[in-house]
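See structure below.
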Amino acid sequence: MAKDSKTPLLDQLEEGPWPSFVTEIKRAAEKKDSAKDLLHQLERSYVDRIGHWKHGGIVGVKGYGGGVIGRYSDLPEEFPAVAEFHTFRVNMPSAWFYTTEKLRQLCDVWDKHGSGLTNMHGATGDIILLGAPTSELQPCFDDLSEIGFDLGGSGSDMRTPSCCVGPARCEFACIDTLDLLYSVTMEFQDELHRPMFPYKSKIKISGCPNDCVASVARSDFSVIGTWRDSIRVDDAEVANYANEGMDIQSEVVDLCPTKCMAWDAGAKKLSIDNGECNRCMHCINLMPKALRPGKEKGATILVGGKAPIVRGALLSWVIVPFMKMEPPYTEFKELVRKIWEWWDENGKMRERLGELINRLGMRAFLKAVGLPPVPQMIRAPRANPYYFWEPEEVK
Amino acid sequence: MAKDSKTPLLDQLEEGPWPSFVTEIKRAAEKKDSAKDLLHQLERSYVDRIGHWKHGGIVGVKGYGGGVIGRYSDLPEEFPAVAEFHTFRVNMPSAWFYTTEKLRQLCDVWDKHGSGLTNMHGATGDIILLGAPTSELQPCFDDLSEIGFDLGGSGSDMRTPSCCVGPARCEFACIDTLDLLYSVTMEFQDELHRPMFPYKSKIKISGCPNDCVASVARSDFSVIGTWRDSIRVDDAEVANYANEGMDIQSEVVDLCPTKCMAWDAGAKKLSIDNGECNRCMHCINLMPKALRPGKEKGATILVGGKAPIVRGALLSWVIVPFMKMEPPYTEFKELVRKIWEWWDENGKMRERLGELINRLGMRAFLKAVGLPPVPQMIRAPRANPYYFWEPEEVK
Amino acid sequence: MAGKTDFGPPFYKDLLPPVVLKNYGQWKYHERVKPGVLKHVAESGDELYTVRVGSGRLVSTDWIRDVCGIADQFCGGHLRFTSRHNLEFLVSDKEKVEPLIAHLKEQGFAVGGTGHAISNPVHTQGWIHCHTPATDASGIVKAVMDDLYEYFADSKLPAYCRISLACCLNMCGAVHCSDIAILGIHRKPPHINHDTVRAKCEIPNVIAACPTGAIRPDPKEKSLTVNEEKCMYCGNCYTMCPGMPLADPTGDGVSIWVGGKISSARTPPKFSRLAIPFLPNNPPRWPEVTDAVRNIVETWASHAHKHERMGEWIDRIGWERFFDLTGIPFTVQLIDDFTLASETFRSTPAFKW
Amino acid sequence: MAGKTDFGPPFYKDLLPPVVLKNYGQWKYHERVKPGVLKHVAESGDELYTVRVGSGRLVSTDWIRDVCGIADQFCGGHLRFTSRHNLEFLVSDKEKVEPLIAHLKEQGFAVGGTGHAISNPVHTQGWIHCHTPATDASGIVKAVMDDLYEYFADSKLPAYCRISLACCLNMCGAVHCSDIAILGIHRKPPHINHDTVRAKCEIPNVIAACPTGAIRPDPKEKSLTVNEEKCMYCGNCYTMCPGMPLADPTGDGVSIWVGGKISSARTPPKFSRLAIPFLPNNPPRWPEVTDAVRNIVETWASHAHKHERMGEWIDRIGWERFFDLTGIPFTVQLIDDFTLASETFRSTPAFKW
Ligand code: SRM
Ligand code: SRM
Ligand code: SRM
Ligand code: SRM
Ligand code: SF4
Ligand code: SF4
Ligand code: SF4
Ligand code: SF4
Ligand code: SF4
Ligand code: SF4
Ligand code: SF4
Ligand code: SF4
C-alpha cells in the first residue's frame, strides 16, 4: 500500500454541488487499501495526464466465460493494492428496481471481497463491482450467488440486456419491458455467460418511441414499443391543457412531423388524422393527461445499432414494423436465434451484426432470416442502379 | 442499301401528337441511303429488342483527338449504308441561339456529307450530326470550319461546356452565362479538343440557383449564379400579386425553407430577414415582378457532379461559396487549371474529379488547391471520430 | 481555311436577336402568358415573347429548314433551343404572337412545355446510335409524350415535372435527378463469344476495363470468363471487346425512378430513387412504361400541394405512403445494398402503417 | 448454493414497491410537479411521486447504505436507478415528498434532472479503470456538472439536453447520439517499446488486431512497426500488447460533438457531429471543456424554440449559423473524409453567408 501521500488535484474535485466520486473513493479508502491505492494512482494519472492501467490475461470464475474484466496497474510496485483490480459485471434487476435489503446484502459481499467501490450502474446497465484481486473472484462470486446475484456479460457474448421503467411507472409503455427483459435474460443465460459469437451482441428494450434506454443507438437488437391503431384522445383534458396555458397550435400541432393534427382554437378541439400519424410521441409527451397511445400494442424490432469501432457508428434499422409482445415471447426469441445463427455463420471476428448486414447486404439478411421486404424498413429506396440480379429473377 | 422492306413497328410511332423521330428519319431517307438503312436497322432492333451497333476503333479528323464518335453496324451486309455511321459533336453557340442563316449553312454541309439527321441537341449540349462514313469525316469537318463551326469534346478531355439562357432572356441571371461560357470555351480549346485527362471533365454554367442547365447533377464544375446582399423588394408589386389572387402566406412564406419571411396580410407587406435567407429562389420565382436577386452578384462554384458509373452518382459540392465573375474570369480559369492539375497528377484512369476527391478526401483536395475550409462547404460536420491527425497538427 | 483548328463555336453575340442584344442583362421580369408562351419585359420597356415548341430532338435537316422558314417569317430570322431540346421562337412584336401560334398549330407543331408542365424529356441515343443501350430512347419518349401530351400542352400540374430517359446506366441523360427517370437496364452479364474474343479483343485491356474486376482470363479457351456475381452490367467490357455483348431481349428492359430534383428552390437537389425495378422492352409503344409513368404523374398531381415537386411530395408523405397511393408493389430490389446503403435504412419506429 | 450458475438476475417482481405492483401497467398520466419531482397517477387513482437525485455513479458501499437508509425512512425500503444512473426515490404518500426533499437537501444530495434539464451525463471508466482512455471520465463529468448545476437543479431549458462522455472512441458511453458528447481522443499512434513487444506480445495476433492494417512486422527488431498514416488510434493493439501504449499527455485530449438525439419525438434519432476537434486534458477541472460546453448549451438555450432539441435547432438554422452563433472556429478536421463523407458535403448554392 502506498504511503499516505497527498492528493491535491483530486481534492479539488470534492468541491462543488455535483456529487463527488473523489469523496466516494476516499470513503472506501478508509476501509480498503485497494481504494486508497486507486485514489493515489488516479492522482498520479491527473499529474501525468495518462492512465495507468494495462490489459491483462483473461480472468473469471468457474462455469463462466465472461462477466469479469481483468485489469492490472502498470505501477504495481507503487500501488500494490491495485496490482490486480478486476471488475465484476453483475446482472442488474429489470429497470434497476431494488429493495434496500438486497442492496445491503450486495454491499456486505462487496466489502468482504472487493474495494467497496461500485458503479451504479455501468453503461450497459450492469452493477459494476469495481476492483478485486484475482484470488477474491471465485469467493466473491460464490457469495453473490448466495444472495441471488448472477453475472452479466462481457467478451463475445450476449451482453446484459436492459430495459426502461416501462409499465412499472410509465403510462406510455406499449409493452411489458420488465417482463420481456427478464424472460429474454433467462432464455439466453448460456449466450450471456459463455462467449460463443463473432463479437458482442446487445439487446435493449424501450416501452415506446421515446426510447429511454437509447436502444436504437447502442444495441444490436432494439425493441421499441408502439401501437397500430389510433391515439386515444380525451377532449376535455386537451381543453384543460389549453386553459392552463399550453399553446396547442405552436407547441403541439406545428411540431407534429407529419402535420396530421389540427387544432380548432375556438371549439378547443384537437383532431388527429391517425392514418398519417407516425407515432413519434411528441403530442402525447406534451399532453399525457389528454392523449394516450392506442390499444393495439406491440413492438417495432430494429437491428444493427452500435458504436463507431471500426466502420463508423450505426443506428438500428427497422426489420419488423410490428410484432405482438406477449409471454412467452416465442416469436421474438426465435427471431433472435435465427439472426444469431446467420451472424454466427457469416460474421467475421469482431464484426457486429450491423456491420455484417452492411457487408452482405440487407437483401441477403432478409432472405436468410425469412423477413419480407416492406417500405417501413427504409427511409428511401436506392438511388443507384447497382442491383445485382439473381439469375432466377431474370425471366 | 437494304431492299425497301416495310417498317410496321416504327410506322406506329408516326401517330400521336408528339413530334415523330420516325417521320424525321423517313424524310432524310428520301434523300439518303444511310438514313434509309438506319430506319431499317432500327426496325430490326424493334423486332429483336436489342441494338445493332458495335464500338469501333478511334476515328477522327486532323488535329483533333475527339469530337467524333465512331460507330459501326453489326449487320453491315444487310445495312451497308450504315456499316460506318459516325457522329460529329459540333460545339453549339452559347445558350443555343442561332440565326436561320447559320442553321441553313449547317444543313447544307450535313446534307452534303452525312445522313441529313441530327440531334438538336445532344445531352451535353453539342449539335450532334448523326452518321457519316469514315471517308466523309475530314471533308465534312473542312466544310464545317468554313462556316465557322468547330468540334465539341469527346473522350478524356474537357467536354463541351454549356450554359443557360441567362442574361439573354432571364431576369434572374446573376452572372453573364453566355459570355463566361464563350470565354471558358475559347480559353480551353486545347483541353476541349485533345484528350489529356484521366477521364472526361464537364463544366456547366447556370445564372441562378434554379440551375436550368442541371449543372449540379452532371458537371465536374458547376458554376451557379447567386448574390451576397439582399433580395430587392417592390412592395407595390407584392401587393399586386396578392390582389391578383396569389396566397402569399401559403404559396410563398410557408414554403420558404429558412422561414425568414413574414407576410402582413392586412398591410399587404412582405418582410424578409435576408441574413437568414439561403437564396433558394422560391419566392423570387413566384413573384418575379416584385422580388429580384440582390445587386452584389457572383457565383458559387461546386465540383464533382457526375452520373453513377462506377461508384454511384454524385451531386457537385460547394468549394467556393462566392466568386465575382467578371471578364476575363481569371480567378475562375486559374482555379479550374489548378484543379485539373491536381486531378491529372492523382486521378486514376477513368476516375472523375468527384471520385478522386472522395478517394483522397476533401481535406487533401482543399489543401492541394489552396481553398480555406468554410461551413458553407458542408451540410453537416463528420459524425465519425476517424480523423487522421497529421504530426504537425499535434502539439 | 481548311486545316484551321481550335477556332471555337460561333460568337454568341453574332447570333442574338436585336431585342436581346439591346436588352441584354436588362430584363426586369417575366409572365407566363399562357401555356407555351412566356413574356419577358426589359427595364427599357421592351417586350420579348417566347413561344416554346416541342421537338423530337432527332430531326432532319428538312425540319431545321422548316423551322428556319417560320423564324424568318415571324422572328426576324432568329431562334433558339432550350436545355431540354425544345425550340423557342422569340418574338419582339406582340402582334405576331397569335399568328405564329396559329401557324405552328396548323403545321402540326406542339406548343407548350412552360410553367408547371411536363417538358421535353431529356434523352439519349438508344438503338439509334449507341452500342450499349438496354432499350431504345426516342421510341419510349415518343410513346410517353403521346400519352402525356395534355401535360405538355397545358400547364396544369402542381409544379414542374421533369421526365428524363437514359438507355443504360451510363446515364447520358443524367436522369439521376429527375422527377421521373426512365432508365434502361441490362440484367444479364455479357454472353461471351470466344471466337470473337480471340479474334478481336486484347484480353488484358478487357480485364482492366471491368470496374468490378468481374472478368478473369480463361486460359483453356484462350479467352475470358465473367464472374456473374460481380457483374453490374455496365457494358465497359463490350466497349473494349465486341465478343462480349450484353444486349439480351429478355434481360434488357426499363426501370423507373422518381423524386429527383435539380433546382434549389425550396429544397436542395435530390437524387431520383428506384420505384419500379424492371419493365420489359415492349416496342413500339412500351405500354407497361407509359402506364407506369402516367400512374405516377397522376397520383402525384392529385395529392401534391401547389408548388410541390414529386420528391418534395414524397418527402412529406413518406415512401411507405408513396407505395400505397401509387399501388406500386414494394420489392427487395428497391432496398439499397450498394456503398451508402445504410444511409437509406430506417432508424426510427416513427413510420406510417 | 456455490457452484450454481445461470440463475439470472433477481426476479423484478420481488423488488417492486407495492404501489407499483398494484398499478403495474395501469398508469394513466404523469405531471412534472417541480424540478426533480414527477407525479404518476394510476387508473386506480393511486399516486406515485418520484424524487430524482443525481449520482456520481462511482459510489462506495457506504453511499449505497446511506441511500438505503433514506429509502427505508421515506419509501418503504424501495428505490431505483435510472438509465442515466440517477437515483429515484419512489414515494406513494404525498405527505412524505417535501420532508424527503428537505432531508435530501440537508444531506447534500442533488435533486433535479427531470424535464427540460441537463440530466446525469452517461459516462465511462476513464483513468479509473480502463486501459485505453484518452482522458478521465468521472473528473470531467464532475467539473462539467458543477459548472452546469443550475440546469440540473432547475428545468429551464428549451428541451432535453443530454450530455454524455466516453473516454476513447470505443464510445462505451454510446455518446454518438447525444445533444452534447464529450469524447476522449488519442492523436498519436502507439509508441512501440520493442523490448516489451518481444517479451510480452504475440506478433501475429497484434497485427491481426489492427482494424486498419497499420501494423507490420519489424524483422530487424523482431518487433513491430506502425504505419502512422493508417493508424486511427483505436487502441486495439494495446489491448493485445502492452508494448504499444497509445496514451500521451500532449496527444490525448477531448473532442466535442453536438446535435445528436435518440428519441423519435418530432424528428428521428440523429448522430452527434464534431464541433470542436480537440481540447487539451487539463485536470483536475478541464476549464477549456467546461467553457466550451457551457457556451454551446447557452447559445442553444438562448436561440432555440420551445421543445427544440440541440440537433433540431441546428437543422433549422444550419451548421454555418451554428458556428457563427457559438463563435466556434470551423476547421478542416470537421469536414468528413471517412466512408460516407460525400453524404455530408453541400450540394446546393442555397446556404447562408
Ligand atoms: C464498463 C463499461 C463503461 C462504463 O464505465 O460503464 C465499458 C467498459 C469497457 N468497454 Fe465498452 N463498456 C461499457 C459499455 C459499452 C457501451 C454502451 C452500452 O453497452 O450500452 C458501448 C457502446 C454500444 C456498443 O456496444 O456498440 C461499448 C462499446 C465498447 C466497444 C466498441 C464496440 C463496438 O463494436 O463498437 C469496445 C471495444 C471492444 O469491444 O473491443 C468496448 C470495450 C470495453 C472495455 C472492455 C475495454 C477493452 O477493450 O477491454 C472496457 C473495460 C473497462 C474496464 O476496465 O472496466 N466497449 N461499451 C460499460 C459496461 C458496463 C456494464 O456492463 O454495464
Ligand atoms: C450523345 C450523348 C447522348 C445523347 O444522345 O445526347 C452521349 C452518348 C454517349 N455517352 Fe454519354 N453521352 C452524352 C451525354 C452524357 C451526359 C450528360 C451531360 O454531359 O450533361 C452524361 C452524364 C453526365 C456525366 O458525364 O457524368 C454522360 C455520361 C456518360 C458516361 C458515364 C460517365 C461517368 O463518369 O459516369 C459514359 C461511359 C463512358 O464515358 O465510358 C458515357 C459514354 C457515352 C458513349 C460515348 C458510349 C461509349 O461508352 O462509347 C455514348 C456514345 C453514343 C453514340 O454512339 O453516339 N456517357 N453522357 C450525349 C453527348 C451529346 C453531346 O455531346 O451533346
Ligand atoms: C429555357 C430554359 C433555360 C435554357 O437555357 O434553355 C429555362 C427557362 C426558364 N426557367 Fe428553368 N429553364 C430551363 C430548364 C430548367 C431546368 C433544367 C432541366 O429541366 O433539365 C431546371 C431544373 C429542373 C429541376 O429542378 O429538376 C429548371 C428549373 C427552373 C425553376 C425551378 C423550378 C422548381 O420549383 O424547382 C424555375 C422557377 C420557376 O419555374 O418558377 C425556372 C424558371 C425558368 C424561367 C421562368 C426563368 C425566366 O425568368 O425566364 C424560364 C422559363 C421557365 C418556363 O419554362 O416556364 N427554371 N429549368 C430551360 C427550358 C427547358 C425546357 O425546354 O423545358
Ligand atoms: C427514468 C427514465 C427511464 C428509466 O428507465 O430510467 C426516463 C423516464 C421518463 N422519460 Fe425518458 N427517461 C429516461 C431516459 C431517457 C432517454 C435515454 C437517455 O437520456 O440516455 C431518452 C432519449 C434521449 C434522447 O432523445 O436523446 C429519453 C427521452 C424521453 C423523451 C423524449 C424527449 C424529446 O423530446 O426528445 C420523453 C418525452 C418528454 O420528455 O416529454 C421522455 C419522457 C419520460 C417520462 C416523462 C415518461 C413518463 O411518462 O414517465 C419519464 C420522466 C421523464 C423526466 O425525467 O422528466 N423521455 N428518456 C430515464 C431517466 C434518465 C435520467 O436519469 O435522466
Ligand atoms: S421509453 Fe417510453 S415507456 Fe419507456 S420509460 Fe420512456 S417514455 Fe416510458
Ligand atoms: S404522435 Fe407525432 S406524428 Fe402522431 S400526431 Fe402526435 S405529434 Fe403527430
Ligand atoms: S438558371 Fe436562373 S438565370 Fe439561368 S435561365 Fe434558369 S432561371 Fe434564368
Ligand atoms: S429565396 Fe428562398 S430562402 Fe430566401 S426568402 Fe425567398 S424563399 Fe426564403
Ligand atoms: S445512356 Fe448508355 S446506351 Fe444510352 S447513349 Fe449513353 S452510353 Fe449509350
Ligand atoms: S458489364 Fe461491366 S461489370 Fe459486367 S463484366 Fe462487363 S465490364 Fe465488368
Ligand atoms: S470508452 Fe474506451 S477508454 Fe473508456 S471505458 Fe470504454 S473502452 Fe475504456
Ligand atoms: S491504435 Fe488501432 S489503428 Fe492504430 S495501430 Fe493500434 S490497432 Fe492499429
Side-chain angles (χ1 to χ4, degrees), chain A residues 9 12-13 16-19 21 24 27-28 45-46 49-51 53-55 63 91 93-94 96-100 103 107 110-111 116 119-120 123 142 145 148 150 167-169 171 178 182 185-186 189 209-214 216-218 255 257 280-282 288-289 307 309-310 313 315, chain D residues 2 4-10 12 15-16 20 24-25 27-30 40 54-65 68 71-72 77 79-81 83 127 129 131 133 138 142 145-146 149 169-174 176-177 211 239 242 247 249 262-266 269 281 283-284:
Chain A
L9 293 177
Q12 296 177 48
L13 290 174
W18 191 249
F21 69 100
E24 293 302 315
R27 287 175 83 179
S45 286
Y46 272 53
R49 289 178 291 130
I50 59 170
W53 299 106
K54 59 188 188 202
H55 197 69
N91 197 152
S94 289
W96 307 283
F97 277 93
Y98 296 91
T99 56
T100 53
L103 280 175
C107 293
W110 190 232
D111 282 343
N119 290 133
M120 296 300 280
D142 294 340
S145 64
D150 201 347
R169 198 200 56 199
E171 71 274 23
L178 289 76
Y182 186 75
T185 307
M186 295 312 287
Q189 283 289 304
N210 285 333
D211 196 6
C212 295
V213 288
V216 77
R218 53 191 193 127
L255 297 181
C280 81
M281 290 294 295
H282 175 71
K289 228 164 164 163
I309 292 278
V310 174
L315 287 161
Chain D
K4 177 155 137 305
T5 66
D6 297 358
F7 45 91
Y12 65 96
L15 303 169
L16 298 175
V20 166
Y24 193 86
W27 298 104
K28 191 148 180 275
Y29 67 88
H30 74 278
H40 286 81
S55 155
R57 195 185 80 122
L58 170 47
V59 295
S60 66
T61 47
D62 292 350
W63 180 89
I64 297 175
R65 291 191 180 90
C68 286
D72 288 340
L79 55 76
R80 78 174 288 266
F81 294 85
S83 65
W127 295 333
H129 199 270
H131 67 303
S138 311
K142 164 71 172 153
M145 289 307 285
D146 280 342
Y149 187 71
L169 50 66
N170 283 332
M171 286 200 197
C172 294
H176 55 285
C177 298
T239 303
I262 298 282
S263 81
S264 287
R266 301 169 307 280
N281 273 329

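Heavy atoms only: backbone and side chains are in, while hydrogens, waters and symmetry mates are out. Throughout, a chain's letter reflects where its sequence line sits, starting with A, and its residues are numbered from 1.
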Chain A contacts, top residue of [options] (heavy-atom pairs, under 4.5 Å):
{"options": "D:Thr5, D:Asp62, D:Val59", "answer": "D:Val59"}
{"options": "D:Gly77, D:Gly25, D:Pro242", "answer": "D:Gly77"}
{"options": "D:Asn281, D:Leu79, D:Leu16", "answer": "D:Leu79"}
{"options": "D:Pro269, D:Ala247, D:Ser264, D:Gly56", "answer": "D:Ser264"}
{"options": "D:Tyr149, D:Trp63, D:Tyr24", "answer": "D:Tyr24"}
{"options": "D:Pro284, D:Ser83, D:Ser263", "answer": "D:Pro284"}

For chain D, find which of [options] contributes the most heavy-atom pairs closer than 4.5 angstrom.
{"options": "A:Leu315, A:Leu178, A:Thr100, A:Asn91", "answer": "A:Thr100"}
{"options": "A:Cys212, A:Pro93, A:Gly63, A:Ser45", "answer": "A:Ser45"}
{"options": "A:Cys107, A:Gly51, A:Gly16", "answer": "A:Cys107"}
{"options": "A:Arg218, A:His282, A:Glu24", "answer": "A:Glu24"}

> Does the side chain of A:Leu9 come within less than 4.5 Å of D:Pro283's, by heavy atoms?
Replying inline: no
>> Once ring-ring contact (aromatic ring centres under 6.0 Å, His included) is applied, do any residues pair with D:Phe81, and if so which ones, sequence neighbours excluded?
In response: A:Tyr98, A:His121
> By ring-ring contact (aromatic ring centres under 6.0 Å, His included), which residues pair with D:His40, not counting sequence neighbours?
Replying inline: D:His30
>> Angle between ring planes, D:Trp127 versus A:Tyr46, binned at 30° and 60°: parallel, tilted or perpendicular?
In response: perpendicular
State, to 0.1 Å, how close [X] and [Y] come at their nearest heavy-atom pair, and which atoms those are.
{"X": "A:Trp110", "Y": "D:Thr61", "result": "CD1-CG2, 4.0 Å"}
{"X": "D:Lys142", "Y": "A:Phe21", "result": "CB-CE2, 4.2 Å"}
{"X": "D:Arg266", "Y": "A:Cys280", "result": "N-SG, 3.4 Å"}
{"X": "A:Ala168", "Y": "D:Val20", "result": "O-CG1, 3.3 Å"}
{"X": "D:His131", "Y": "A:Trp53", "result": "CB-O, 3.5 Å"}
{"X": "A:Asp150", "Y": "D:Pro9", "result": "CB-N, 4.5 Å"}

Please classify the contact of [X] with chain D as side chain, backbone, both or neither, using a heavy-atom distance under 4.5 Å.
{"X": "A:Val310", "value": "both"}
{"X": "A:Met120", "value": "both"}
{"X": "A:Thr185", "value": "side chain"}

>> Counting only non-hydrogen atoms closer than 4.5 Å, does D:Cys177 touch chain A with its backbone (N, CA, C, O), its side chain (CB onward), both, or neither?
In response: side chain
Report the distance from atom [atom1] of [X] to atom [atom2] of [Y], rounding to the nearest 0.5 Å.
{"X": "A:Phe97", "Y": "D:Arg80", "atom1": "CZ", "atom2": "CZ", "result": "5.0 Å"}
{"X": "D:Asp146", "Y": "A:Gln12", "atom1": "CG", "atom2": "CD", "result": "11.5 Å"}
{"X": "A:Leu103", "Y": "D:Arg65", "atom1": "CG", "atom2": "CZ", "result": "10.5 Å"}
{"X": "A:Ile309", "Y": "D:Met171", "atom1": "CD1", "atom2": "CE", "result": "8.5 Å"}

